[in-house]
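Each remark here refers to the structure printed beneath this line.
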There are 2 protein chains.
Amino acid sequence: MRSHGNEGGLAHAVIRRFNVLRPLSEDAAAALEQTILEALFRAGPGEDLTVEGDPIDSVRIVLSGWLFRHKTLEDGRRQIVNFILPGETCDAYAYLLPAIDHSITTATPVAYAEIKRPRFEKLIESERTLAEAFLCETALNNAIQREWAINLGRRAALEKVAHLFCEIYERLRPVGLVDGNSCNFPVTQMDLADATGLSVVHLNRTIQELRAAGLITLRERMLTILDLDALKSAALFSPGYLQLYRRG
Amino acid sequence: MRSHGNEGGLAHAVIRRFNVLRPLSEDAAAALEQTILEALFRAGPGEDLTVEGDPIDSVRIVLSGWLFRHKTLEDGRRQIVNFILPGETCDAYAYLLPAIDHSITTATPVAYAEIKRPRFEKLIESERTLAEAFLCETALNNAIQREWAINLGRRAALEKVAHLFCEIYERLRPVGLVDGNSCNFPVTQMDLADATGLSVVHLNRTIQELRAAGLITLRERMLTILDLDALKSAALFSPGYLQLYRRG
DNA sequence: CCGCGTTGTTAACCTATGGAAATGCCGGAA
DNA sequence: TTCCGGCATTTCCATAGGTTAACAACGCGG
(Lines give C-alpha, C1' and ligand atoms only; values in the text may rest on other atoms or scores of the structure.)
Protein backbone atom coordinates (compact mmCIF):
# COMPACT_ATOMS: atom_id res chain seq x y z
CA MET A 1 0.00 0.00 0.00
CA ARG A 2 1.60 3.19 -1.08
CA SER A 3 1.87 6.13 1.22
CA HIS A 4 1.49 9.79 0.50
CA GLY A 5 2.80 10.89 3.84
CA ASN A 6 0.32 12.76 5.95
CA GLU A 7 -2.37 12.93 3.30
CA GLY A 8 -2.02 9.27 2.47
CA GLY A 9 -2.56 8.64 6.16
CA LEU A 10 -5.91 10.30 5.86
CA ALA A 11 -7.27 7.88 3.32
CA HIS A 12 -5.73 4.98 5.17
CA ALA A 13 -8.83 3.90 7.08
CA VAL A 14 -11.03 3.97 3.99
CA ILE A 15 -8.72 1.89 1.86
CA ARG A 16 -8.14 -0.57 4.65
CA ARG A 17 -11.82 -0.95 5.26
CA PHE A 18 -12.71 -1.45 1.63
CA ASN A 19 -10.00 -4.06 1.36
CA VAL A 20 -11.73 -6.10 4.01
CA LEU A 21 -15.17 -5.56 2.51
CA ARG A 22 -14.33 -5.96 -1.16
CA PRO A 23 -10.67 -6.06 -2.14
CA LEU A 24 -9.73 -3.19 -4.43
CA SER A 25 -7.44 -3.39 -7.41
CA GLU A 26 -4.32 -1.24 -7.21
CA ASP A 27 -5.86 1.13 -9.72
CA ALA A 28 -9.16 1.33 -7.92
CA ALA A 29 -7.48 2.14 -4.63
CA ALA A 30 -5.38 4.81 -6.28
CA ALA A 31 -8.38 6.38 -8.01
CA LEU A 32 -10.34 6.39 -4.78
CA GLU A 33 -7.49 7.92 -2.82
CA GLN A 34 -6.98 10.56 -5.47
CA THR A 35 -10.64 11.49 -5.47
CA ILE A 36 -10.74 11.68 -1.70
CA LEU A 37 -7.72 13.94 -1.48
CA GLU A 38 -9.32 16.36 -3.92
CA ALA A 39 -12.39 16.77 -1.76
CA LEU A 40 -11.23 17.09 1.83
CA PHE A 41 -13.32 18.82 4.45
CA ARG A 42 -13.29 19.15 8.19
CA ALA A 43 -15.98 19.76 10.77
CA GLY A 44 -15.97 20.42 14.48
CA PRO A 45 -17.91 18.37 17.02
CA GLY A 46 -21.66 18.85 17.21
CA GLU A 47 -22.10 20.01 13.62
CA ASP A 48 -25.01 18.81 11.52
CA LEU A 49 -23.69 17.57 8.19
CA THR A 50 -27.12 16.75 6.90
CA VAL A 51 -30.55 17.39 8.29
CA GLU A 52 -33.66 15.27 7.83
CA GLY A 53 -35.45 16.43 4.70
CA ASP A 54 -32.37 17.74 2.91
CA PRO A 55 -31.85 16.73 -0.69
CA ILE A 56 -28.53 14.95 -1.12
CA ASP A 57 -26.16 15.61 -3.99
CA SER A 58 -22.90 14.15 -2.83
CA VAL A 59 -21.32 11.18 -1.15
CA ARG A 60 -19.35 11.62 2.05
CA ILE A 61 -16.61 9.35 3.24
CA VAL A 62 -15.37 9.67 6.78
CA LEU A 63 -11.61 9.72 7.18
CA SER A 64 -11.39 10.31 10.92
CA GLY A 65 -13.76 11.02 13.76
CA TRP A 66 -17.21 9.80 14.75
CA LEU A 67 -20.65 10.86 13.57
CA PHE A 68 -24.11 9.59 14.25
CA ARG A 69 -27.32 9.23 12.32
CA HIS A 70 -30.39 10.21 14.27
CA LYS A 71 -34.10 10.86 13.99
CA THR A 72 -36.32 12.87 16.28
CA LEU A 73 -40.03 12.64 17.03
CA GLU A 74 -42.18 15.76 17.11
CA ASP A 75 -42.12 15.77 20.89
CA GLY A 76 -38.34 15.63 21.11
CA ARG A 77 -37.70 11.96 21.73
CA ARG A 78 -34.56 11.11 19.82
CA GLN A 79 -33.13 7.89 18.48
CA ILE A 80 -29.58 7.50 17.31
CA VAL A 81 -30.05 4.91 14.59
CA ASN A 82 -26.38 4.29 13.87
CA PHE A 83 -22.87 5.57 14.28
CA ILE A 84 -20.60 6.38 11.37
CA LEU A 85 -16.99 5.49 12.09
CA PRO A 86 -13.72 6.26 10.31
CA GLY A 87 -13.51 4.62 6.91
CA GLU A 88 -17.27 4.40 6.57
CA THR A 89 -19.40 6.09 3.94
CA CYS A 90 -22.50 8.19 4.47
CA ASP A 91 -25.14 7.83 1.86
CA ALA A 92 -23.63 6.25 -1.19
CA TYR A 93 -26.55 6.33 -3.62
CA ALA A 94 -28.69 8.38 -1.24
CA TYR A 95 -28.74 11.07 -3.89
CA LEU A 96 -31.15 8.89 -5.86
CA LEU A 97 -33.92 9.61 -3.40
CA PRO A 98 -35.55 13.04 -3.22
CA ALA A 99 -34.71 13.72 0.41
CA ILE A 100 -32.86 12.15 3.28
CA ASP A 101 -34.87 10.63 6.08
CA HIS A 102 -32.51 11.33 8.97
CA SER A 103 -29.90 13.75 10.24
CA ILE A 104 -26.17 13.24 10.50
CA THR A 105 -24.24 15.02 13.24
CA THR A 106 -20.59 14.93 14.20
CA ALA A 107 -19.73 13.64 17.65
CA THR A 108 -16.07 14.66 17.41
CA PRO A 109 -13.93 16.71 15.07
CA VAL A 110 -14.21 14.95 11.75
CA ALA A 111 -12.24 14.84 8.52
CA TYR A 112 -14.21 13.70 5.51
CA ALA A 113 -14.29 13.71 1.75
CA GLU A 114 -17.34 15.15 0.09
CA ILE A 115 -17.59 13.84 -3.43
CA LYS A 116 -20.13 15.51 -5.66
CA ARG A 117 -22.51 13.23 -7.49
CA PRO A 118 -21.06 13.64 -11.01
CA ARG A 119 -17.54 13.01 -9.72
CA PHE A 120 -18.75 10.00 -7.76
CA GLU A 121 -20.58 8.54 -10.72
CA LYS A 122 -17.54 9.01 -12.92
CA LEU A 123 -15.42 7.28 -10.31
CA ILE A 124 -17.58 4.18 -9.98
CA GLU A 125 -18.11 3.94 -13.71
CA SER A 126 -14.38 3.86 -14.32
CA GLU A 127 -13.67 1.30 -11.61
CA ARG A 128 -16.14 -1.52 -11.31
CA THR A 129 -14.65 -2.88 -8.09
CA LEU A 130 -15.25 0.51 -6.51
CA ALA A 131 -18.88 0.43 -7.55
CA GLU A 132 -19.15 -2.97 -5.94
CA ALA A 133 -17.37 -1.79 -2.83
CA PHE A 134 -19.85 1.02 -2.36
CA LEU A 135 -22.70 -1.39 -2.97
CA CYS A 136 -21.24 -3.66 -0.30
CA GLU A 137 -21.05 -0.72 2.03
CA THR A 138 -24.74 -0.02 1.45
CA ALA A 139 -25.76 -3.64 1.87
CA LEU A 140 -23.70 -3.90 5.04
CA ASN A 141 -25.32 -0.78 6.39
CA ASN A 142 -28.65 -2.43 5.85
CA ALA A 143 -27.54 -5.49 7.76
CA ILE A 144 -26.26 -3.42 10.66
CA GLN A 145 -29.51 -1.52 10.77
CA ARG A 146 -31.39 -4.80 11.05
CA GLU A 147 -29.21 -5.91 13.92
CA TRP A 148 -30.05 -2.63 15.62
CA ALA A 149 -33.71 -3.51 15.22
CA ILE A 150 -33.35 -6.71 17.20
CA ASN A 151 -31.12 -4.90 19.66
CA LEU A 152 -33.74 -2.26 20.29
CA GLY A 153 -36.71 -4.57 20.13
CA ARG A 154 -35.65 -7.71 21.91
CA ARG A 155 -32.55 -7.32 24.03
CA ALA A 156 -32.68 -6.28 27.70
CA ALA A 157 -30.88 -3.13 28.81
CA LEU A 158 -27.64 -4.81 29.83
CA GLU A 159 -27.56 -6.82 26.64
CA LYS A 160 -28.23 -3.74 24.54
CA VAL A 161 -25.36 -1.77 25.96
CA ALA A 162 -22.99 -4.71 25.90
CA HIS A 163 -23.97 -5.40 22.31
CA LEU A 164 -23.34 -1.84 21.24
CA PHE A 165 -19.89 -1.96 22.81
CA CYS A 166 -19.08 -5.20 21.04
CA GLU A 167 -20.28 -3.90 17.70
CA ILE A 168 -18.36 -0.64 17.83
CA TYR A 169 -15.25 -2.46 18.96
CA GLU A 170 -15.47 -4.89 16.07
CA ARG A 171 -16.18 -2.12 13.59
CA LEU A 172 -13.18 -0.13 14.75
CA ARG A 173 -10.83 -3.09 14.74
CA PRO A 174 -10.42 -3.61 10.98
CA VAL A 175 -9.45 0.01 10.45
CA GLY A 176 -6.79 -0.18 13.12
CA LEU A 177 -8.50 1.93 15.73
CA VAL A 178 -8.42 -0.67 18.47
CA ASP A 179 -5.37 -0.59 20.70
CA GLY A 180 -5.00 -3.75 22.74
CA ASN A 181 -8.42 -4.08 24.33
CA SER A 182 -9.20 -0.39 24.28
CA CYS A 183 -10.67 2.08 21.85
CA ASN A 184 -11.87 5.64 21.83
CA PHE A 185 -15.46 6.07 22.74
CA PRO A 186 -16.25 9.73 22.31
CA VAL A 187 -19.97 9.76 23.09
CA THR A 188 -21.82 11.03 26.10
CA GLN A 189 -24.10 8.83 28.13
CA MET A 190 -27.00 10.81 26.75
CA ASP A 191 -26.01 9.74 23.24
CA LEU A 192 -25.52 6.20 24.40
CA ALA A 193 -29.00 6.24 25.91
CA ASP A 194 -30.47 7.50 22.66
CA ALA A 195 -28.62 4.80 20.75
CA THR A 196 -29.91 1.98 22.93
CA GLY A 197 -33.41 3.29 23.47
CA LEU A 198 -32.91 3.64 27.22
CA SER A 199 -33.27 6.59 29.57
CA VAL A 200 -30.04 8.26 30.66
CA VAL A 201 -30.57 7.17 34.22
CA HIS A 202 -31.06 3.58 33.35
CA LEU A 203 -28.19 3.64 30.93
CA ASN A 204 -25.98 4.86 33.73
CA ARG A 205 -27.19 2.07 36.03
CA THR A 206 -26.47 -0.42 33.29
CA ILE A 207 -22.94 0.83 32.77
CA GLN A 208 -22.31 0.58 36.49
CA GLU A 209 -23.48 -2.98 36.27
CA LEU A 210 -21.10 -3.78 33.43
CA ARG A 211 -18.29 -2.22 35.42
CA ALA A 212 -19.18 -4.10 38.56
CA ALA A 213 -19.19 -7.33 36.58
CA GLY A 214 -15.62 -6.59 35.55
CA LEU A 215 -16.52 -6.52 31.87
CA ILE A 216 -15.55 -3.01 30.89
CA THR A 217 -13.95 0.25 31.87
CA LEU A 218 -15.33 3.47 30.44
CA ARG A 219 -13.88 6.82 31.37
CA GLU A 220 -12.49 9.88 29.70
CA ARG A 221 -14.03 8.84 26.41
CA MET A 222 -12.09 5.60 26.36
CA LEU A 223 -13.62 2.14 26.40
CA THR A 224 -11.62 -0.80 27.67
CA ILE A 225 -13.02 -4.26 27.33
CA LEU A 226 -11.71 -6.32 30.20
CA ASP A 227 -13.23 -9.62 29.12
CA LEU A 228 -14.30 -9.69 25.50
CA ASP A 229 -15.69 -13.20 25.53
CA ALA A 230 -17.78 -12.53 28.60
CA LEU A 231 -19.01 -9.26 27.13
CA LYS A 232 -20.00 -10.91 23.87
CA SER A 233 -21.76 -13.63 25.71
CA ALA A 234 -23.60 -11.14 27.93
CA ALA A 235 -24.64 -9.32 24.77
CA LEU A 236 -25.67 -12.41 22.81
CA PHE A 237 -23.34 -10.96 20.21
CA SER A 238 -22.61 -12.89 17.05
CA PRO A 239 -20.52 -10.96 14.59
CA GLY A 240 -21.69 -12.58 11.37
CA TYR A 241 -23.79 -9.61 10.34
CA LEU A 242 -20.72 -7.37 10.23
CA GLN A 243 -19.26 -9.42 7.37
CA LEU A 244 -15.78 -8.69 8.60
CA TYR A 245 -14.18 -11.75 7.18
CA ARG A 246 -13.68 -12.29 3.50
CA ARG A 247 -15.28 -15.06 1.61
CA GLY A 248 -13.01 -18.05 0.99
CA MET B 1 -49.21 0.57 -19.48
CA ARG B 2 -49.48 -2.51 -21.63
CA SER B 3 -51.12 -5.62 -20.40
CA HIS B 4 -50.21 -9.23 -20.89
CA GLY B 5 -53.41 -10.55 -19.44
CA ASN B 6 -53.02 -12.72 -16.40
CA GLU B 7 -49.23 -12.85 -16.47
CA GLY B 8 -49.01 -9.12 -17.01
CA GLY B 9 -51.17 -8.85 -13.93
CA LEU B 10 -48.48 -10.65 -12.00
CA ALA B 11 -45.79 -8.11 -12.71
CA HIS B 12 -48.26 -5.30 -12.25
CA ALA B 13 -47.36 -4.42 -8.66
CA VAL B 14 -43.64 -4.35 -9.38
CA ILE B 15 -43.89 -2.07 -12.38
CA ARG B 16 -46.31 0.20 -10.62
CA ARG B 17 -44.08 0.45 -7.59
CA PHE B 18 -40.94 1.16 -9.58
CA ASN B 19 -42.77 3.86 -11.46
CA VAL B 20 -43.40 5.68 -8.22
CA LEU B 21 -39.87 5.16 -6.97
CA ARG B 22 -37.96 5.80 -10.16
CA PRO B 23 -39.93 6.08 -13.38
CA LEU B 24 -38.95 3.41 -15.87
CA SER B 25 -38.57 3.86 -19.58
CA GLU B 26 -40.91 1.81 -21.73
CA ASP B 27 -37.99 -0.45 -22.65
CA ALA B 28 -36.86 -0.87 -19.09
CA ALA B 29 -40.32 -1.84 -17.93
CA ALA B 30 -40.62 -4.34 -20.76
CA ALA B 31 -37.22 -5.87 -20.03
CA LEU B 32 -38.03 -6.16 -16.36
CA GLU B 33 -41.39 -7.74 -17.00
CA GLN B 34 -39.89 -10.17 -19.46
CA THR B 35 -37.21 -11.19 -16.97
CA ILE B 36 -39.74 -11.63 -14.22
CA LEU B 37 -42.02 -13.82 -16.28
CA GLU B 38 -39.10 -16.11 -17.11
CA ALA B 39 -38.37 -16.76 -13.46
CA LEU B 40 -41.65 -17.31 -11.70
CA PHE B 41 -41.90 -19.27 -8.48
CA ARG B 42 -44.49 -19.86 -5.83
CA ALA B 43 -44.32 -20.71 -2.17
CA GLY B 44 -46.87 -21.60 0.48
CA PRO B 45 -47.25 -19.80 3.78
CA GLY B 46 -44.64 -20.39 6.48
CA GLU B 47 -41.83 -21.31 4.10
CA ASP B 48 -38.30 -20.06 4.67
CA LEU B 49 -37.01 -18.56 1.45
CA THR B 50 -33.64 -17.74 2.93
CA VAL B 51 -32.09 -18.57 6.25
CA GLU B 52 -29.60 -16.50 8.20
CA GLY B 53 -26.12 -17.48 7.10
CA ASP B 54 -27.06 -18.58 3.60
CA PRO B 55 -24.99 -17.32 0.71
CA ILE B 56 -27.15 -15.43 -1.77
CA ASP B 57 -26.88 -15.81 -5.52
CA SER B 58 -30.07 -14.36 -6.82
CA VAL B 59 -32.47 -11.47 -6.49
CA ARG B 60 -36.08 -12.08 -5.58
CA ILE B 61 -38.95 -9.81 -6.45
CA VAL B 62 -42.28 -10.34 -4.76
CA LEU B 63 -45.27 -10.33 -7.08
CA SER B 64 -47.98 -11.17 -4.58
CA GLY B 65 -48.19 -12.13 -0.93
CA TRP B 66 -46.44 -11.08 2.23
CA LEU B 67 -43.09 -12.14 3.68
CA PHE B 68 -41.10 -11.00 6.64
CA ARG B 69 -37.46 -10.62 7.47
CA HIS B 70 -36.53 -11.81 10.94
CA LYS B 71 -33.64 -12.52 13.25
CA THR B 72 -33.55 -14.75 16.29
CA LEU B 73 -31.39 -14.68 19.41
CA GLU B 74 -29.81 -17.85 20.74
CA ASP B 75 -32.46 -18.13 23.42
CA GLY B 76 -35.33 -17.90 20.98
CA ARG B 77 -36.34 -14.27 21.24
CA ARG B 78 -37.31 -13.21 17.75
CA GLN B 79 -37.53 -9.86 16.03
CA ILE B 80 -39.30 -9.29 12.77
CA VAL B 81 -37.16 -6.54 11.29
CA ASN B 82 -39.34 -5.78 8.30
CA PHE B 83 -42.13 -6.99 6.08
CA ILE B 84 -41.75 -7.52 2.36
CA LEU B 85 -44.88 -6.57 0.46
CA PRO B 86 -45.99 -7.14 -3.13
CA GLY B 87 -43.84 -5.27 -5.60
CA GLU B 88 -40.88 -5.13 -3.25
CA THR B 89 -37.50 -6.69 -3.81
CA CYS B 90 -35.56 -8.91 -1.43
CA ASP B 91 -31.87 -8.44 -1.47
CA ALA B 92 -30.90 -6.60 -4.62
CA TYR B 93 -27.10 -6.60 -4.35
CA ALA B 94 -27.14 -8.87 -1.29
CA TYR B 95 -25.17 -11.39 -3.35
CA LEU B 96 -22.16 -9.14 -2.96
CA LEU B 97 -21.82 -10.10 0.68
CA PRO B 98 -20.67 -13.57 1.70
CA ALA B 99 -23.77 -14.47 3.68
CA ILE B 100 -27.12 -13.05 4.59
CA ASP B 101 -27.65 -11.79 8.09
CA HIS B 102 -31.31 -12.63 8.51
CA SER B 103 -34.03 -15.06 7.46
CA ILE B 104 -36.93 -14.46 5.11
CA THR B 105 -40.15 -16.36 5.63
CA THR B 106 -43.46 -16.24 3.82
CA ALA B 107 -46.50 -15.17 5.79
CA THR B 108 -48.96 -16.06 3.04
CA PRO B 109 -48.83 -17.90 -0.26
CA VAL B 110 -46.39 -15.94 -2.36
CA ALA B 111 -45.60 -15.54 -6.03
CA TYR B 112 -42.13 -14.25 -6.76
CA ALA B 113 -39.49 -14.00 -9.42
CA GLU B 114 -36.09 -15.41 -8.60
CA ILE B 115 -33.52 -13.87 -10.89
CA LYS B 116 -30.10 -15.44 -10.86
CA ARG B 117 -27.17 -13.11 -10.39
CA PRO B 118 -25.79 -13.23 -13.95
CA ARG B 119 -29.22 -12.61 -15.40
CA PHE B 120 -29.81 -9.77 -12.95
CA GLU B 121 -26.48 -8.15 -13.72
CA LYS B 122 -27.14 -8.39 -17.43
CA LEU B 123 -30.52 -6.79 -16.89
CA ILE B 124 -29.27 -3.79 -14.95
CA GLU B 125 -26.34 -3.30 -17.26
CA SER B 126 -28.61 -3.09 -20.26
CA GLU B 127 -31.05 -0.72 -18.63
CA ARG B 128 -29.55 2.03 -16.54
CA THR B 129 -32.90 3.20 -15.15
CA LEU B 130 -33.45 -0.29 -13.83
CA ALA B 131 -30.11 -0.24 -12.08
CA GLU B 132 -31.12 3.02 -10.49
CA ALA B 133 -34.52 1.69 -9.56
CA PHE B 134 -32.96 -1.22 -7.70
CA LEU B 135 -30.55 1.14 -6.00
CA CYS B 136 -33.49 3.26 -4.93
CA GLU B 137 -35.16 0.18 -3.58
CA THR B 138 -32.08 -0.57 -1.51
CA ALA B 139 -31.73 2.98 -0.26
CA LEU B 140 -35.40 3.07 0.63
CA ASN B 141 -35.07 -0.17 2.51
CA ASN B 142 -32.34 1.41 4.53
CA ALA B 143 -34.55 4.38 5.35
CA ILE B 144 -37.42 2.15 6.42
CA GLN B 145 -35.08 0.16 8.60
CA ARG B 146 -34.02 3.35 10.32
CA GLU B 147 -37.60 4.31 10.97
CA TRP B 148 -38.06 0.91 12.56
CA ALA B 149 -35.17 1.71 14.85
CA ILE B 150 -36.87 4.78 16.24
CA ASN B 151 -40.14 2.88 16.36
CA LEU B 152 -38.60 0.13 18.45
CA GLY B 153 -36.41 2.38 20.54
CA ARG B 154 -38.49 5.40 21.29
CA ARG B 155 -42.18 4.95 20.66
CA ALA B 156 -44.61 3.68 23.31
CA ALA B 157 -46.59 0.50 22.66
CA LEU B 158 -49.67 2.19 21.26
CA GLU B 159 -47.58 4.41 19.06
CA LYS B 160 -45.56 1.46 17.78
CA VAL B 161 -48.56 -0.52 16.69
CA ALA B 162 -50.32 2.48 15.22
CA HIS B 163 -47.15 3.38 13.37
CA LEU B 164 -46.78 -0.07 11.93
CA PHE B 165 -50.36 0.02 10.69
CA CYS B 166 -49.81 3.41 9.07
CA GLU B 167 -46.61 2.30 7.41
CA ILE B 168 -48.00 -0.89 5.95
CA TYR B 169 -51.08 0.92 4.76
CA GLU B 170 -48.99 3.54 2.99
CA ARG B 171 -46.70 0.93 1.50
CA LEU B 172 -49.63 -1.04 0.13
CA ARG B 173 -51.38 1.97 -1.28
CA PRO B 174 -49.10 2.75 -4.26
CA VAL B 175 -49.35 -0.80 -5.55
CA GLY B 176 -53.12 -0.71 -5.45
CA LEU B 177 -53.62 -3.05 -2.52
CA VAL B 178 -55.62 -0.65 -0.43
CA ASP B 179 -59.37 -0.80 -0.94
CA GLY B 180 -61.13 2.23 0.50
CA ASN B 181 -59.78 2.37 4.03
CA SER B 182 -59.07 -1.35 4.29
CA CYS B 183 -56.25 -3.68 3.38
CA ASN B 184 -55.29 -7.25 3.94
CA PHE B 185 -53.28 -7.83 7.04
CA PRO B 186 -52.32 -11.48 7.02
CA VAL B 187 -50.18 -11.70 10.14
CA THR B 188 -50.89 -13.23 13.51
CA GLN B 189 -50.70 -11.23 16.69
CA MET B 190 -47.58 -13.17 17.56
CA ASP B 191 -45.93 -11.85 14.43
CA LEU B 192 -47.15 -8.37 15.16
CA ALA B 193 -45.68 -8.60 18.64
CA ASP B 194 -42.34 -9.68 17.23
CA ALA B 195 -42.44 -6.81 14.77
CA THR B 196 -43.07 -4.19 17.42
CA GLY B 197 -40.88 -5.61 20.14
CA LEU B 198 -43.82 -6.22 22.46
CA SER B 199 -45.11 -9.34 24.19
CA VAL B 200 -48.15 -10.98 22.63
CA VAL B 201 -50.25 -10.17 25.64
CA HIS B 202 -49.40 -6.53 25.60
CA LEU B 203 -49.80 -6.34 21.88
CA ASN B 204 -53.31 -7.70 22.30
CA ARG B 205 -54.06 -5.11 24.99
CA THR B 206 -52.77 -2.42 22.66
CA ILE B 207 -54.92 -3.52 19.77
CA GLN B 208 -57.97 -3.51 22.04
CA GLU B 209 -57.06 0.02 22.93
CA LEU B 210 -56.85 1.07 19.29
CA ARG B 211 -60.21 -0.55 18.69
CA ALA B 212 -61.76 1.10 21.71
CA ALA B 213 -60.50 4.46 20.50
CA GLY B 214 -62.34 3.88 17.25
CA LEU B 215 -59.16 4.05 15.20
CA ILE B 216 -59.10 0.63 13.58
CA THR B 217 -60.83 -2.63 12.98
CA LEU B 218 -58.76 -5.77 12.68
CA ARG B 219 -60.35 -9.13 12.12
CA GLU B 220 -60.15 -12.01 9.75
CA ARG B 221 -56.78 -10.82 8.51
CA MET B 222 -58.25 -7.53 7.38
CA LEU B 223 -57.27 -4.13 8.68
CA THR B 224 -59.67 -1.23 8.41
CA ILE B 225 -58.51 2.21 9.37
CA LEU B 226 -61.49 4.10 10.67
CA ASP B 227 -59.75 7.42 11.17
CA LEU B 228 -56.48 7.71 9.30
CA ASP B 229 -55.59 11.17 10.52
CA ALA B 230 -56.18 10.24 14.12
CA LEU B 231 -54.17 7.04 13.68
CA LYS B 232 -51.26 8.89 12.13
CA SER B 233 -51.32 11.43 14.86
CA ALA B 234 -51.45 8.74 17.56
CA ALA B 235 -48.47 7.11 15.87
CA LEU B 236 -46.47 10.29 15.38
CA PHE B 237 -46.31 9.09 11.81
CA SER B 238 -44.72 11.27 9.16
CA PRO B 239 -44.47 9.55 5.81
CA GLY B 240 -41.45 11.36 4.39
CA TYR B 241 -39.15 8.40 4.89
CA LEU B 242 -41.23 6.27 2.56
CA GLN B 243 -40.37 8.55 -0.38
CA LEU B 244 -43.71 7.85 -1.94
CA TYR B 245 -43.95 11.03 -3.86
CA ARG B 246 -41.80 11.81 -6.83
CA ARG B 247 -39.39 14.66 -6.92
CA GLY B 248 -40.62 17.79 -8.70
C1' DC C 1 -68.66 -36.56 15.61
C1' DC C 2 -64.43 -35.89 18.53
C1' DG C 3 -59.81 -34.21 19.73
C1' DC C 4 -56.09 -31.26 18.95
C1' DG C 5 -53.30 -27.31 17.60
C1' DT C 6 -53.36 -22.53 16.56
C1' DT C 7 -54.87 -18.05 17.61
C1' DG C 8 -57.01 -14.56 20.30
C1' DT C 9 -58.46 -12.76 24.84
C1' DT C 10 -58.45 -11.78 29.74
C1' DA C 11 -56.82 -11.68 34.51
C1' DA C 12 -53.42 -11.38 38.33
C1' DC C 13 -49.14 -10.37 39.55
C1' DC C 14 -44.47 -8.59 39.22
C1' DT C 15 -40.23 -6.22 37.59
C1' DA C 16 -37.47 -3.73 34.46
C1' DT C 17 -37.27 0.60 33.13
C1' DG C 18 -38.73 5.54 33.08
C1' DG C 19 -39.06 10.30 35.22
C1' DA C 20 -37.87 14.06 38.21
C1' DA C 21 -34.73 16.10 40.93
C1' DA C 22 -30.66 16.81 43.66
C1' DT C 23 -25.58 16.38 44.00
C1' DG C 24 -20.97 16.20 42.57
C1' DC C 25 -17.33 16.75 39.33
C1' DC C 26 -14.69 19.08 35.99
C1' DG C 27 -13.06 22.29 32.67
C1' DG C 28 -13.50 26.73 30.49
C1' DA C 29 -14.43 31.78 30.52
C1' DA C 30 -13.90 35.99 32.76
C1' DT D 1 -10.26 32.85 41.95
C1' DT D 2 -15.14 32.36 40.95
C1' DC D 3 -18.93 31.22 38.26
C1' DC D 4 -21.22 28.42 35.04
C1' DG D 5 -22.64 24.74 31.96
C1' DG D 6 -22.24 20.07 30.58
C1' DC D 7 -21.92 15.54 32.16
C1' DA D 8 -22.13 11.63 35.42
C1' DT D 9 -24.22 9.71 39.33
C1' DT D 10 -27.62 8.55 42.84
C1' DT D 11 -32.03 8.39 45.13
C1' DC D 12 -36.86 7.88 45.27
C1' DC D 13 -41.03 6.82 43.26
C1' DA D 14 -44.25 5.65 39.37
C1' DT D 15 -45.72 2.73 35.62
C1' DA D 16 -45.59 0.52 31.15
C1' DG D 17 -45.05 -3.61 29.82
C1' DG D 18 -43.56 -8.68 30.78
C1' DT D 19 -44.84 -13.29 32.58
C1' DT D 20 -47.73 -16.97 33.56
C1' DA D 21 -51.81 -19.18 33.24
C1' DA D 22 -56.34 -20.17 32.01
C1' DC D 23 -59.93 -20.23 28.65
C1' DA D 24 -62.61 -19.49 24.40
C1' DA D 25 -63.13 -19.71 19.43
C1' DC D 26 -61.97 -21.73 15.34
C1' DG D 27 -60.38 -24.91 11.74
C1' DC D 28 -58.80 -29.32 10.53
C1' DG D 29 -57.82 -34.31 10.36
C1' DG D 30 -59.48 -38.54 11.46
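Proteins come first, then strands; the chains are lettered A, B, ... in the order of their sequence lines, and each starts at number 1.
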Worksheet item: Is the backbone N or O of B/L67 less than 3.5 Å from a side-chain atom of B/T106, with the two atoms forming a donor-acceptor pair by type?
Response: no

Worksheet item: Is a side-chain N or O of B/E137 found less than 3.5 angstrom from the main chain of B/T89, in a donor-acceptor match?
Response: yes

Practice prompt. Kindly say whether the aromatic ring centers of A/F185 and A/F165 come within a distance under 6.0 Å.
Written response: yes

Check [Y] with [X], please: is the shortest side-chain N to carboxylate O separation under 4.0 Å?
X: A/R155; Y: A/E147; value: yes
X: B/R154; Y: A/D75; value: no
X: B/R69; Y: B/D101; value: no

OP1 or OP2 of [N] sitting under 4.0 Å from any side-chain N/O of [X]?
X: A/Q208; N: D/dT10; value: yes
X: A/R221; N: D/dA8; value: yes
X: B/N204; N: C/dT9; value: yes

Worksheet item: Looking across every strand, which nucleic acid part, if any, lies under 4.0 Å from A/G46 by heavy atom: base, sugar-phosphate, or nothing?
Response: nothing

Worksheet item: Checking all strands, does B/T188 fall into the base, sugar-phosphate, or nothing category for heavy-atom contacts under 4.0 angstrom?
Response: sugar-phosphate

Worksheet entry | Side-chain-base donor-acceptor pair under 3.5 Å for B/R219 and C/dG8 | no

Worksheet item: With distance as the sole criterion, do the side chain of B/R205 and the base of D/dG18 form a donor-acceptor contact below 3.5 Å?
Response: yes

Practice prompt. Quickly work out the B/L198 CG to D/dT19 C1' distance and round it to whole Å.
Written response: 14 Å

Discussion item. On DNA chain C, compare the nucleotides closest to A/H202 and B/R211; which residue's is nearer the 5' end?
Written reply: B/R211

Worksheet entry | Five-pair end axes of the helix from C/dC1-D/dG30 to C/dA30-D/dT1 and the angle they enclose, rounded to 10° | 30°

